[in-house]
Amino acid sequence: AQSVTQLGSHVSVSEGALVLLRCNYSSSVPPYLFWYVQYPNQGLQLLLKYTSAATLVKGINGFEAEFKKSETSFHLTKPSAHMSDAAEYFCAVSDLKWGTSYGKLTFGQGTILTVHP
Amino acid sequence: DGGITQSPKYLFRKEGQNVTLSCEQNLNHDAMYWYRQDPGQGLRLIYYSQIVNDFQKGDIAEGYSVSREKKESFPLTVTSAQKNPTAFYLCASSTPGTEQYFGPGTRLTVT
């Protein structure tokens, strides 16, 4: 069975500060990992994905994440927060072989990011 | 533009009534999914379908039903047997080699 733990249900930063959202996973097979963002009352939008290529993954809106197998982590970072980054962020894991099957995703509980002026 | 449409955006029903949520995609994806979202619990998989006329239960299928008669459409019915139906419902679709794409969601309130 696979699982995802997001440390911190709420994170608050000042505009211009570093954003760090933590995600740890558990998977019995090599994982495929995703970060999604959700704005209020909207669907989810993919930020970035790790599919066993480079361990440092760059996504949209200046976000990036690093896959660390030894720590079973996939933390999301952004060097400088913007007011428009305020949203809820979800980490997800899929244990199906990328590219050959359909991914059933297991999601973390989500982290709400607040950005203060 | 390709995408996923969910309608309506907000839905209100009385307890004891069945209600059907619509999900349509024009991305030509084979697989479609339904998730339920509750505050602080992330997304939980209700049902998924990888091909027309076939679907499988997810983690929380009790009290829900689906059909997949067309590739583009995957409606979800919330039955009166679902004990806590009030939630935000999200539909998604995918094809091998891609991530899941999500619709805008339907917020269902049952009183």
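The basis for the numbers below is simple: all heavy atoms, side chains too, and nothing from hydrogens, waters or symmetry mates. Residue numbers begin at 1 in each chain, while the letters A, B, ... track the order of the sequences. This one's a predicted model, so the numbers in the text were calculated from it and none came from an experiment.
- Between B:Q100 and A:Y36, the shortest heavy-atom distance links the atoms O-OH, 2.9 Å.
- With a 4.5 Å cut-off on non-hydrogen atoms, A:E88 touches chain B through its side chain but not through its backbone.
- Put simply, of B:Q41, B:K9, B:Q37, the one with the most heavy-atom pairs under 4.5 Å next to chain A is B:Q37.
- Both the backbone and the side chain of B:L43 come within less than 4.5 Å of a heavy atom of chain A.
- Both A:V13 and A:F63 sit in one connected hydrophobic cluster of ILVMFWY residues. Membership requires side-chain heavy atoms under 4.5 Å apart, directly or through other members.
- With hydrophobic clusters built from ILVMFWY side chains whose heavy atoms lie under 4.5 angstrom apart, B:Y33 does not share a cluster with B:L108.
- Contact of the B:E99 side chain with the A:F34 side chain is registered, since non-hydrogen atoms from C-beta on lie closer than 4.5 Å.
- Contact annotation for B:Q6: neither backbone nor side-chain heavy atoms come within less than 4.5 Å of a heavy atom of chain A.
- Top candidate by heavy-atom pairs under 4.5 Å with chain B, chosen from A:T106, A:N41, A:V4, A:L46, is A:N41.
- Cluster annotation: B:L45 and B:Y89 are assigned to distinct hydrophobic clusters (Ile/Leu/Val/Met/Phe/Trp/Tyr, side-chain heavy-atom contacts under 4.5 Å, transitive).
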Trace of the side-chain contact (heavy atoms from CB on, under 4.5 Å) decision for A:Q38 with B:F102: CA-CA 10 Å; A:Q38 184 182 36; B:F102 284 81; over 6 Å; no
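- Note on A:V115 and A:I60: same hydrophobic cluster, where clusters join Ile, Leu, Val, Met, Phe, Trp and Tyr whose side-chain heavy atoms are under 4.5 Å apart, directly or indirectly.
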Let me see the working for B:F88 and A:Q42 under side-chain contact (heavy atoms from CB on, under 4.5 Å), right down to the final yes or no. CA-CA 10 Å; B:F88 191 51; A:Q42 294 187 25; over 6 Å; no
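- No single ILVMFWY cluster, assembled from side-chain heavy atoms under 4.5 Å apart, contains both A:L56 and A:L18.
- Counting heavy atoms from C-beta on, the side chains of A:F107 and B:R44 never come closer than 4.5 Å.
- Looking only at side-chain heavy atoms (C-beta outward), B:Y101 and A:Q45 stay at 4.5 Å or farther from each other.
- Residues A:L105 and B:Y48 have side chains not in contact (no heavy-atom distance under 4.5 Å, counting atoms from C-beta outward).
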